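Written out below as structure tokens is the structure these notes cover.
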There are 2 protein chains.
Amino acid sequence: MTTIFSIEDEEALVSLLEYNIKASGFKFEHSTNGYDAMMKLQKSNPDLILLDWMLPDIAGTEVCKFVRSNKDLKNTPIIMLTAKGEEQDLLSGFEMGCDDYITKPFSPAELIARIKALLRRSSDDSREMILSYGNIKLDTGSHRVYCCDEEAKLGPREYRILEFLMKNPGRVYSRQQILDNVWGTNVYVTDRTIDVHIRRLRKALSNTEECKVIRTIRSSGYSLDTNS
Amino acid sequence: MTTIFSIEDEEALVSLLEYNIKASGFKFEHSTNGYDAMMKLQKSNPDLILLDWMLPDIAGTEVCKFVRSNKDLKNTPIIMLTAKGEEQDLLSGFEMGCDDYITKPFSPAELIARIKALLRRSSDDSREMILSYGNIKLDTGSHRVYCCDEEAKLGPREYRILEFLMKNPGRVYSRQQILDNVWGTNVYVTDRTIDVHIRRLRKALSNTEECKVIRTIRSSGYSLDTNS
DNA sequence: GACATTTTTAACATAACTGTAACATTGACA
DNA sequence: TGTCAATGTTACAGTTATGTTAAAAATGTC
């Protein structure tokens, strides 16, 4: 689960943060001072850090510097919290590598919006690449699929199933695994539904014999493989 | 040539600025008071403005407000010059849309460094170039779009969407990505709004069949691509 | 402040996709 | 070979995503 780590000493604010962050479906962790934070951060390895610029022990810049120089944490986005009137800190903040800032007092909605925006920006599942197996090519950048150099027209679900299977060609996935990865967990869908989508996928990839690469492993599932 | 416009009344400082700015290869222009500056800025249309916060006639905020509300100047970066001890001005400065500040006295090296940093940042957006894809050409200098050699009339938003899509032809962007990049992060706009703009964009680019290059990827987003 | 332009929302229409059920087929095993 | 369970196939109806239009809201302009 996506984890937000807050470094903030003001109790009332911590409660507010915790409530809103949890309500938005994130995991919440926190420290009330800089040294504690530096210890915990290493283990926690959160997805985003909320950093109060005014801490009881050390300056926010120091925490920032620590994060940026740490191998595991260096790419973790940081949002700094500053009080009204501390705008001159913004420059040093950005220079130290903060990604965004928000001025106290702030609305929870705004904070959540900024958190989500930053997470979006730093998430890397939008990488472009070309997966290929046999005569099938799948371009995640343009969402196009080619089968023996002809474009295959797939529905969104079929596309995602194929993308999933192509990440590990040859490997057998159970219907449940396919469901979890393509539909998402806790979704109520019959197993038979998968068969239907597999059918559609096969149909779309049937230009030539070499394109028929979805193998049924009876009582186990499906895989991308030569049918042999 | 890149032009730096200074608004500063202290003669000694003007000489210092002029010398260093010219030595760094920029063109130097200046005014010694706010009203004069507002008149000259319009014609000069500089690449960056150095604004002393304490002017003999009007407050720096007023000049700032003027620049930001002027069609041609609104994107010009502003560095404000403040005297030590005027830190409280920074708040209003940033609120008015200043991009950076520097406290007097400052080292010429630091000033030049900040100028260059700001120019770099703003040049990414304002570099003039002609993007082209298929029969569509987009001139970022004149903000004109040609579709099969005829000019297409686009609204500002449509223009920016097209410009964004043209930076990576073929690549699929989700509505959220389009929002982040065209509207900016943490903006509350419905997804449907994008569809409407896409509709207008398509309408404007429909001279011929070859001009219809916005592809819908159901449940994923849009891309600039042949529809095949 | 009135006007024109642009942007956003809302409502509805249309097209595309999805899941289910019902039935057909296949393969394993006694 | 008959039986059973698993999978293949098909068609359809419900659902969802997108297209389209118009009007309200916001913004810029004179």
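All values derive from a computational prediction rather than experimental measurement. A note on names: the letters A, B, ... follow the listed sequences, proteins ahead of strands, and every chain is numbered from 1.
Close to C:dT9, at under 4.0 Å from its OP1 or OP2, lies a side-chain N or O of B:T190. In terms of phosphate contacts, B:T193 brings a side-chain nitrogen or oxygen within less than 4.0 Å of OP1 or OP2 of C:dT9. When the side-chain nitrogen and oxygen atoms of B:Y222 are compared with OP1 and OP2 of D:dG19, one or more of them lie within a distance under 4.0 Å.
Axis deviation across the helix from C:dG1-D:dC30 to C:dA30-D:dT1 amounts to 30°, comparing end segments of five pairs, rounded to 10 degrees.
Heavy-atom nearest nucleotides on DNA chain D were determined for A:R200 and for B:S219, and the one closer to the 5' end corresponds to A:R200. For A:S220 and A:K203, each mapped to the nucleotide of DNA chain D holding its nearest heavy atom, the one lying further toward the 5' end belongs to A:S220. With DNA chain C read from its 5' end, the first of the two nearest nucleotides for B:L154 and B:I194 is the one closest to B:L154.
To the nearest angstrom, P of C:dT8 lies 13 Å from CD1 of B:I198. When the P atom of C:dT6 is taken as reference, atom OH of B:Y159 falls 15 Å away, rounded to whole Å. At whole-Å resolution of the value, CG in B:D191 and C1' in C:dT9 are 13 Å apart. A straight line from CZ of A:R192 to C1' of D:dA11 spans 15 Å, rounded to a whole angstrom. When the C1' atom of C:dT7 is taken as reference, atom CZ of B:R199 falls 16 Å away, rounded to whole Å. What separates CD of B:E158 from P of C:dT5 is a distance of 15 Å, to the nearest Å.
A:R202 and A:T216 are linked by a side-chain donor-acceptor pair at a separation below 3.5 angstrom, with hydrogens and angles left out of the test. Side chains of B:N207 and B:Y146: no donor on one and acceptor on the other come within 3.5 Å.
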task: Assign a letter to each nucleotide of nucleotides 24-30 of chain C from its 5' end: B, base within under 4.0 Å of a protein heavy atom; S, sugar-phosphate only; -, no contact.
output: --BB---
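At the heavy-atom level, B:H197 lies under 4.0 Å from base atoms of the strands shown. Counting any heavy atom pair closer than 4.0 Å across all strands shown, B:I217 reaches sugar-phosphate atoms only and no base atom.
Residues of residues 172-189 of chain A that place a heavy atom closer than 4.0 Å to DNA chain C, in numerical order, are A:W183, A:V189.
Closest contact between the side chain of A:R157 and the listed nucleotides C:dT7, C:dA22, C:dG19 involves C:dG19. Each of D:dG19, C:dC17, C:dT8 was ranked by its minimum atom distance to the side chain of A:K153; first place goes to C:dC17. Proximity note for A:D195 (side chain, C-beta onward) versus D:dG8, C:dT18, C:dT8: the nearest is D:dG8.
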- prompt: Hey, mind stepping through B:K40 and B:E29 against salt bridge (Lys or Arg N to Asp or Glu O under 4.0 Å) and telling me if it holds?
  reply: CA-CA 9 Å; B:K40 287 186 181 165; B:E29 297 184 353; over 6 Å; no
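In this structure, CH2 in B:W53 is found 5.5 Å from CE in B:M80, a value given to the nearest 0.5 Å. Considering CG of A:D191 and CZ of A:R175, their distance stands at 6.0 Å, rounded to 0.5 Å. Distance OG1/A:T3 to CZ/A:F28: 11.5 Å, rounded to 0.5 Å.
The side chain to side chain donor-acceptor pair (under 3.5 Å) test applied to A:N181 returns no partner, not counting sequence neighbours. Under the rule for a side chain to side chain donor-acceptor pair (under 3.5 Å), B:R218 has no partner lying at least two apart in sequence or in another chain. Scanning for side chain to side chain donor-acceptor pair (under 3.5 Å) contacts around A:Q176 gives A:D180, with sequence neighbours left out.
Not a single donor-acceptor contact under 3.5 angstrom links the side-chain atoms of B:R202 to the base of D:dG19.
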